[in-house]
Structure formats: structure tokens, C-alpha cells
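First the structure, in the form of C-alpha cells, and then the observations on it.
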Amino acid sequence: MKKTIAMAALAVAISLGSVSCKKKVSDTDLQTQATTVVTSNPGASVEVKDGVAHLSGTFETQEAKDEMIKQLKAINGIKDVHDMATVAPAAAATPAPVETQSAVDPAVQQKVQDAVKDIPGVKVEVINGELTLTGNISSSDARKVKESVDALKVGKVNYNYTVNNK
């Protein structure tokens, strides 16, 4: 009987010991790990409370947000991820309107000059704050100029040249 009680006490002690040996990861440690993961998206933040990560902020795409949630759930000790983040509206991903692109930007002006350098009679100027092409050219050269400049997608360009029907 003493042997049975001793064995039962030993079994209880071992089971309690194994449960108490299991180290619980602190919220501070989880916060550090979660913050490291979230730094890949500057628009997002995370707070860990009671082993639950609370994700907030803005993501460019749903896929990016889903990937972040997956990475947070993979952290050992994170029980769950509460998603409070948003996805940026699609309008924010579209290019800025042409008006915001400065046609007087020297780099843009240089691109256009390079595109028309082999076509005699065309001058690239900035007139009243707008990129303007002036000069006298043939109709076939006018077509080449228009196609070359349009291919650059530099925004608004004034075509103020005179076309000679040669």
C-alpha cells in the first residue's frame, strides 16, 4: 500500500512538474517578435496583450495584410491575431494625375529633347510653365515627333510647331 501511494505521489509530482516547467512566453517577448515582423510594412503596427496580437494600420493590398497575419500567427506563443488593419483604397494605387507631374522638370524636358533630337526644326521649350514644342517641320516628321513624345508619357505637351506639307 505504501508503495502504491508513493508511486501515485511520484506520478502527481512528475505531471505537475512537467506542467510547471512549460515556459510561458511573456507578452513583452511576443511584442518584440511581433514588432520585428510588422516592421516590413511601415504603415502597420501591432500590440500584444495576453498572447493575442492586435494588428492595425494600412496595407497596400489584401495579400500583404494576409501574409502579415500569417507571419504573426507563426510566432510561438501568439494565440490569435485580431485584424483591425485596413487595405488602402484602389484609388491610392493609381498614378497621380498628370497635373501633379511637373512638365518643367528638367529631367522631363531632357527626355523630350532626346526623343526629338534627330528631327530637324523642332525646339523643346517651357512656355508659361508648360512643355511646348515649336519650330517648322514636315508632316512626316510631325507624326514621328508626336509618337516619340507620346511614348514617353510625360503628361501635357503643347505642340505649337508649324507643319510644312513637303
Once you round to the nearest 0.5 Å, how far does [atom1] of [X] lie from [atom2] of [Y]?
{"X": "Gln62", "Y": "Thr86", "atom1": "CD", "atom2": "OG1", "answer": "10.0 Å"}
{"X": "Asn76", "Y": "Asp29", "atom1": "CG", "atom2": "CG", "answer": "11.0 Å"}
{"X": "Gln33", "Y": "Gln71", "atom1": "CD", "atom2": "CD", "answer": "13.0 Å"}
{"X": "His82", "Y": "Ile69", "atom1": "NE2", "atom2": "CD1", "answer": "11.0 Å"}

List in chain and number order the residues that pass salt bridge (charged side-chain N to carboxylate O under 4.0 Å, His left out) with Asp66, two or more places apart in sequence or in another chain; answer none if no residue qualifies. none

Residues which pass side-chain hydrogen bond (donor to acceptor under 3.5 Å, both in side chains) with Asn160, listed by chain and number, not counting sequence neighbours: none

Begin with the C-alpha distance, continue with both residues' side-chain angles, and end with the deciding distance and a verdict on side chain to side chain contact (heavy atoms under 4.5 Å, CB included) for Gln31 and Thr35. CA-CA 6 Å; Gln31 179 70 47; Thr35 301; 3.0 Å; yes

Please evaluate residues Leu55 and Met68 with respect to the criterion side chain to side chain contact (heavy atoms under 4.5 Å, CB included), reporting the C-alpha separation (whole Å), side-chain torsions for both, the decisive distance (0.1 Å), and the verdict. CA-CA 9 Å; Leu55 180 64; Met68 184 66 61; 4.0 Å; yes

Answer with yes or no whether the hydrophobic clustering places Leu30 together with Met84; edges join I, L, V, M, F, W, Y residues whose side-chain heavy atoms lie under 4.5 Å apart. no

Under 3.5 Å, is there a donor-acceptor pair linking the side chains of Gln110 and Asp114? yes

Pairwise side-chain contact, [X] with [Y], heavy-atom cut-off 4.5 Å (strictly under):
{"X": "Val52", "Y": "Ile78", "result": "no"}
{"X": "Thr58", "Y": "Val87", "result": "no"}
{"X": "Leu72", "Y": "Val38", "result": "yes"}

Are there more than 12 heavy atoms of other residues, nucleotides or ligands under 6.0 Å from atom CD of Glu125? yes

Flag, side chain of Asp27 to backbone of Gly51, donor-acceptor distance under 3.5 Å: yes

Side-chain donor/acceptor of Thr132 to backbone N/O of Glu130, under 3.5 Å: yes

Identify the heavy atoms of [X] and [Y] that sit nearest to each other, and give their distance.
{"X": "Phe59", "Y": "Ala44", "value": "CZ-CB, 3.6 Å"}
{"X": "Pro120", "Y": "Asp141", "value": "CD-OD2, 4.3 Å"}
{"X": "Ala53", "Y": "Val46", "value": "CB-CG2, 3.9 Å"}
{"X": "Val124", "Y": "Val116", "value": "CG2-CG2, 3.7 Å"}

Given side chain to side chain contact (heavy atoms under 4.5 Å, CB included), test Asn136 with Val122 step by step and report yes or no. CA-CA 7 Å; Asn136 291 312; Val122 178; over 6 Å; no

From CA spacing to verdict: side chain to side chain contact (heavy atoms under 4.5 Å, CB included), Asp118, Lys144: CA-CA 10 Å; Asp118 295 328; Lys144 289 179 194 174; over 6 Å; no

Applying side chain to side chain donor-acceptor pair (under 3.5 Å) as the test, list every pair that has at least one member in residues 37-55; sequence neighbours left out. Ser45-Ser56

